[in-house]
Every structure is written in structure tokens, then in C-alpha cells.
There are 2 protein chains.
Amino acid sequence: MAERAGVSRQTVSNAVNNPDLLRADTLLRVQQAIAELGYLPNRAARNLRTRSSHLIGLRISAAQEGTANATMDRFVHSLVETSRDAGYHVLLFAGEADDPLSGYDDLLRSTAVDAFVVTDTYLGNPQAGWLGSRRAPFVAFGRPWDAPEAHHPWVDVDGAAGCELATRHLLERGHQRIAWIGWRKDSPIGEDRREGWRRALHAQGLSSAGLAARVDDTVTSGAQASAALLDDAAPTGFVCASDTLAMGVLQTLAARGLTPGRDVAVVGFDDSQVAQVVTPGLTSVRQPLEQVAIEIVSALEGLLGHPPRVGDGVLLTPTLAVRGSS
Amino acid sequence: MAERAGVSRQTVSNAVNNPDLLRADTLLRVQQAIAELGYLPNRAARNLRTRSSHLIGLRISAAQEGTANATMDRFVHSLVETSRDAGYHVLLFAGEADDPLSGYDDLLRSTAVDAFVVTDTYLGNPQAGWLGSRRAPFVAFGRPWDAPEAHHPWVDVDGAAGCELATRHLLERGHQRIAWIGWRKDSPIGEDRREGWRRALHAQGLSSAGLAARVDDTVTSGAQASAALLDDAAPTGFVCASDTLAMGVLQTLAARGLTPGRDVAVVGFDDSQVAQVVTPGLTSVRQPLEQVAIEIVSALEGLLGHPPRVGDGVLLTPTLAVRGSS
DNA sequence: CTGAAAGCGCTAACAC
DNA sequence: GTGTTAGCGCTTTCAG
């Protein structure tokens, strides 16, 4: 221990945790000794004493192959960086694929983490209820769709606004017949995004009838849906619930000898690597994940503060990354 | 505490950590009590006492936008799942972009992690030397290119074998003139992969002269290089050091009205989401990241065992994901 | 403003 | 096989 400075161990502790308790010269002396010896408090001891780990848990599920979704990756990066600035590290853990609750309990009971960030809210987040009943601090990335009155902090991205933005972008480019390809009706996220498209069309007095398809999130589904829509409704633009579906549209266009961005415009959602790399570039709605991470960490700091502050939900607006396809 | 079973706290500890020390009936009784009370040892206390955290640190750097590389994402998933089975969790941390060492030191000195997994070895891994001198246990994902005699455990994927596989695949498909598009010469990984391509050609008595380009890892570079090669050497197949470069080739082919897989074959490297989603599917070398994670965790268990075992380097062979582009 | 004492919850070492 | 003792390194509480 750094009694090198000629003070008690306690004074060292204070120098680290409550610097303003010490006299200026003492503080300086201790800080010098700390720097010289490269002292850093032992995590385990501090955790034991303070009953906190300065760790936030994030469960990751296996990335889905065959889709263009890299949201998680970008989000994790942002979260790690933002957490660091707040003095937290991110603990990653896995759970059984079929059980959205697995993994949380052990970490909680063993006091391994201070709080969780919950992401898979599309499942109708049973986690929220469960964690809530366990009095486990957590912030959700995703709205409580099924429980509007849920009393936990959350941060989400306004998918409807994103798709409205995308649709308006195509309207400004002169398109009048803009089709929608989205997910099946049981996805609240999908329905939300769809609503943005509908809103933008109706705001211009345009009808959305016959211009929408609801399919699975695969390239093939996107290709089939766009082919059918082109035949039946002859749209000149497509707004899609995902980059994966948009890639299906590009596939159909290529098969028919149509040039994306010139003959038919296409917009995807998520600004995945695929959108960035494919020719001629896929215009895509980009979630402000850095900002999401900032809001989440901020909510987390509230939850873990003294006294705890439970903030309201935060809804962020995405941007549009415009590329060659529109 | 679970004295509900009528035993001492120590017996509980033994039941959890050294079950074979107890008599069968005592053990059973304790285990029942544990189950009833939902007891789980407090992490912090255990960590303090055993001087270990059961955490392994992994530094992540910001994902590069505009490239098709999702290796890190898949690897992190695999590592988390494998670590869990070995009783470890993964602690993610960030570092300053310009300092490959930043972030490690604090975690080490504060005993926050038991070991590290080091991934950015393409930097000529100064981390290895630094961590070694600090006696910090770590396993590298990546060979010690600049220091063949480095005395630390590592796991890597044989890029040369992967590209040889890719090239042989094209040879079997009847291609004779197969070009290479890779990275600049200062990348040992790139030179290694290139060597696999060369080896496969020479094994067939084919010349590799005039069939190779070394460029930056961008789509545009891949497009330009492939255009130049098509003009100068008229290859019928391309093997690329990355999916990003391969996307550039596809772009050139599209611009010239050539159909990938029919007129010209293309193979990428990394089996990214882009490869899986692009039309008509990009054949790509796939790293066995699940296996890499298993080997890494195994090496980690050796390092952290009593006594520590330092294993040798492990070199794994990738596979080829064949799709429409070949 | 600084020092001394107590104890967080667990497990390694030793006695019984 | 099981219970007892001690102490991991820190911070909170309380005296000086």
C-alpha cells in the first residue's frame, strides 16, 4: 500500500474517492505517491465493500446469418465507449436461445453486474417484467410495445420517423408511387416503420392501397415481394423495413434489367455494411446508435445514483444515409 | 447464509467448490438448501478471496465503416458462448484508437480481469510483448508475425490454406487464369493469403505472373484493380483477400455486363453478411471462428490452471462457402 | 482534516 | 468429513 506518502491507508482511499475531503497539500502528496507506485484500487475488494461491480451486463444472442443486420455490433461498440466514460465496463453474456430470461438470474444473484441493458425487446420483452419484479436495475433499448405504461427507463429509435423520412426523400425526388416491403403483422417494430411510410404518402394526398407487402426478413422474400409489386402496382420506388429486404429488391431490379436509382429507387433500413458496400450504394435509414448508447448510459447512471432517478422513455430520430440507389 | 441445512458456512463453500469432499448425504442436503434458497456465492467476495475475477478482457476497436468485415462480431459471439461453458464471462473494453496498449493496463492493475484475449495482432502486436513483460496471462487471436519465437499461446486461421482452397476450387471449375487482388505488402496477413493463391497455381504448373494486384481494402480499389487486370491479363477468375475487394470485382463485372459465376468467377474472404446477401451470392473463405474460440478458451484454461500450462500455437484451416459467384 | 477499527462474504489452511 | 479461524483489500463509521 502507498504509505509512501506518509499517510494512512484511509487517506489514500479518500484521495481516490473523496478528494475534496483532504487538504490540498496532503492530496497532492498522496496523488504523487499514487502515480509513482502506479497504484490502482483492487476491484474485488472495492466491489465487495461497496456492493457494486461497476459492470453492466449485456446479453448477446447469436447473429443471424443471411441477413444484413449489424445493428448489434455498432451498438455494442458505442455502449462500450460510452460506458467507459461513465466508469463502467460491459460484461457480455450468452443465454439459451429459447429462453429470453436465461443468464440474467445468475449474474444478478451473484452480484456480478450492477445493471443490465436489455435489447431483445421485440420478443415482447418478458425480461422487463421479470427484472422489474427482481428490482434489478436495467434500461431497455426498445420501447415496451405491449406495456405502454411500463415503468422502466427505455431508449428507442423512431422507426416510423425514419421511414417517413425515407419516403419523403423519394417524394422529393419526384416519385409518386412508392411501395412498402415490411415484416409480418406480428412485429410491432415492423408495423411502426410501415406507419411512417403510410403517413408520408397520405400527407401528400397519395394513396397507399395495393402498394404494400408483409413478408419474412429474407432476401428471397424481398425479391419475390418486389417482383409481385412491380407487376401489380408499378411503383417507382421502394421503402423497406430492412436492408435485407432492400437487397431482395435490388436483386429483382437486376434480374429485370432495371437500374437502381435511375429506373427504380430503393431505400433500406439499418445502414448495414451491405448497404455501404453494394453497388451503387443502398440508401438506408441509419439509427443513431452512438446517441442511443449515450442516453442509455445516462439513464443507467440515474438508476444507479443516490437516490435513484428513473427517467422517462427517450425516442431518438434516425437519419438517412443517401446513396446511389435513390 | 444457508445454515438452513444445519451445516457450517464452510461446508456450503465446499459443496459448491469441492463437492467430492463431502459425504453424499451431506452434499445432497446442502444442495437442496441451496436450491431452495436460490443461493449463489457473492462474486465480489469470492473474487477477493481467490484473487481472480473469472473475467476475460477483450478490447474492441470501432468497426470500420465501408468494409464488409464482420469477423469480430461472429468471433465475439463464439467467445462469449465458449467462455460461459468454461465458467468465464467476457469483459469488453475500449481503448484509444491510436494506442494499441491503452485500456489493458488499468484492468490489469486493478485486477479486474484474469486474462486477455488479444485480437489486433496485425499491428505487429506490441501488446504481446507488453503483456508478457507484465506477466499478464493472454492468448492471441493471430500469429506473432514479427516474432516467430514469441513464447505466448496463440490461435490463428491459416489464410494461405484458405486462399489455396479457393484457388483450387476455381481450378477445379476449369479456370486457368486466376487473378489475385490483395492488400499492400506491409500486411503479413495479406502476404500470407496471397501465398496460398500462388501455391495453388504453381502446383498446377500455372504462372502467377501479371495476375496480381496489391491495393487498399476498399470497394473502389477492388473495382479498379479488377478492371485493370481484366484489361491486361484477361483472367476468368478472381481470388480476393477480403469480401470488400470482391465486392469491387462484382461492381466491375456488372459495369461490363459480365455475369459473376458464369462469365467470371469471384471468391472473397471472411464470409461476411455481404457475401451471403449479395446477388448471386459471393463464394467466400470462412474462418472457423467457433473453433478459434474453443481453442482460445482452452489455452486460457491452461494459462490459468495450477500449474499454468503454456500451450503451443494453434493453426486452424478455414472452409469455403460456395455460392453463385463461382 | 486525519487515524484507528470494523466488516463486506467468501474460501484456504488448519484443527477436530 | 466437518467446524473454526483468519484474512483477502478496500471503504464506512467513528474518534481524535
Side-chain angles (χ1 to χ4, degrees), chain A residues 1-34 37-55 87-89 105-114 304-307, chain B residues 1-34 37-55 87-89 106-114 304-308:
Chain A
M1 241 291 208
E3 263 59 351
R4 145 82 134 273
V7 296
S8 77
R9 64 152 57 174
Q10 178 48 22
T11 307
V12 175
S13 174
N14 281 337
V16 175
N17 300 299
N18 306 72
D20 37 332
L21 244 90
L22 303 196
R23 222 171 33 209
D25 61 328
T26 318
L27 179 59
L28 193 65
R29 216 166 18 131
V30 177
Q31 283 175 334
Q32 274 177 349
I34 286 177
L37 293 140
Y39 168 80
L40 223 57
N42 177 300
R43 275 304 250 251
R46 166 180 281 184
N47 292 349
L48 176 58
R49 187 64 237 233
T50 61
R51 301 164 166 285
S52 72
S53 63
H54 282 269
L55 251 36
Y88 289 91
H89 285 285
D105 194 33
D106 288 356
L107 288 172
L108 203 52
R109 294 218 316 272
S110 64
T111 62
V113 300
D114 289 351
L304 299 174
H306 303 286
Chain B
M1 242 287 206
E3 261 59 351
R4 144 82 134 274
V7 295
S8 78
R9 67 154 52 177
Q10 178 51 19
T11 305
V12 174
S13 174
N14 283 336
V16 175
N17 299 302
N18 306 71
D20 37 332
L21 244 96
L22 303 197
R23 221 170 36 207
D25 62 328
T26 318
L27 179 59
L28 193 67
R29 215 165 19 131
V30 176
Q31 284 176 334
Q32 276 178 348
I34 286 177
L37 287 108
Y39 168 79
L40 222 56
N42 178 299
R43 277 301 252 250
R46 166 180 282 185
N47 292 349
L48 177 58
R49 185 65 240 236
T50 62
R51 299 162 165 288
S52 72
S53 63
H54 282 267
L55 252 37
Y88 288 90
H89 286 284
D106 288 357
L107 289 172
L108 204 51
R109 293 218 316 273
S110 63
T111 63
V113 301
D114 290 350
L304 299 174
H306 303 286

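Any value given below was found using the heavy atoms of this structure, including those in side chains, with hydrogens, waters and symmetry copies removed. In the text below, chain A, chain B and the rest are named by the order of the sequence lines, each starting its count at 1.
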Practice task
Please check if the side chain of B:S53 supplies one atom and the backbone of B:A112 the other of a donor-acceptor pair under 3.5 Å.
Solution key: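 Pair found, side chain donor or acceptor close to backbone of B:A112.
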
Handout entry: Donor-acceptor under 3.5 Å (A:R46 side chain, A:P41 main chain)
Key =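 Looks like no, no N/O pair under 3.5 Å.
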
Ignoring backbone atoms, establish whether [X] has a side-chain N or O less than 4.0 Å from OP1 or OP2 of [N].
{"X": "B:Y39", "N": "C:dG9", "answer": "no"}
{"X": "B:N42", "N": "C:dC10", "answer": "no"}
{"X": "A:R46", "N": "C:dC8", "answer": "no"}
{"X": "B:R43", "N": "C:dC10", "answer": "no"}
{"X": "A:T11", "N": "C:dG3", "answer": "yes"}

Can you measure [X] atom [atom1] to [N] atom [atom2] for me and round it to whole angstrom units?
{"X": "B:L27", "N": "D:dG1", "atom1": "CG", "atom2": "P", "result": "13 Å"}
{"X": "A:R51", "N": "D:dC10", "atom1": "CZ", "atom2": "P", "result": "18 Å"}
{"X": "A:N47", "N": "C:dC10", "atom1": "CG", "atom2": "P", "result": "14 Å"}
{"X": "B:R109", "N": "D:dG9", "atom1": "CZ", "atom2": "P", "result": "16 Å"}
{"X": "B:L40", "N": "C:dG9", "atom1": "CG", "atom2": "C1'", "result": "13 Å"}

Problem - Closest contact, heavy atoms only, B:H54 versus B:D114 - result: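 Where B:H54 meets B:D114 most closely, the heavy atoms are N-OD2, 2.8 Å.
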
Practice task
Measure across B:Y88 and B:L304 and return the closest heavy-atom pair with its distance rounded to 0.1 Å.
Solution key: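 So the two residues come closest at OH-CD1, 3.4 Å.
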
[X] has a side chain; which of [options] sits nearest to it?
{"X": "B:L48", "options": "C:dC10, D:dG9, D:dT2", "result": "D:dG9"}
{"X": "B:T50", "options": "C:dT11, D:dC8, D:dC10", "result": "C:dT11"}
{"X": "B:L21", "options": "D:dT2, C:dT2, C:dG7", "result": "D:dT2"}
{"X": "A:R49", "options": "D:dT12, C:dC1, C:dT11", "result": "D:dT12"}
{"X": "B:R23", "options": "D:dT12, D:dT2, D:dC10", "result": "D:dT2"}

Exercise for the section: Scan B:L21, B:N14, B:T11 and name whichever one has a side chain to side chain contact (heavy atoms under 4.5 Å, CB included) with B:T26. Expected result: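 It is B:T11, the one option of B:L21, B:N14, B:T11 that forms the side chain to side chain contact (heavy atoms under 4.5 Å, CB included) with B:T26.
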
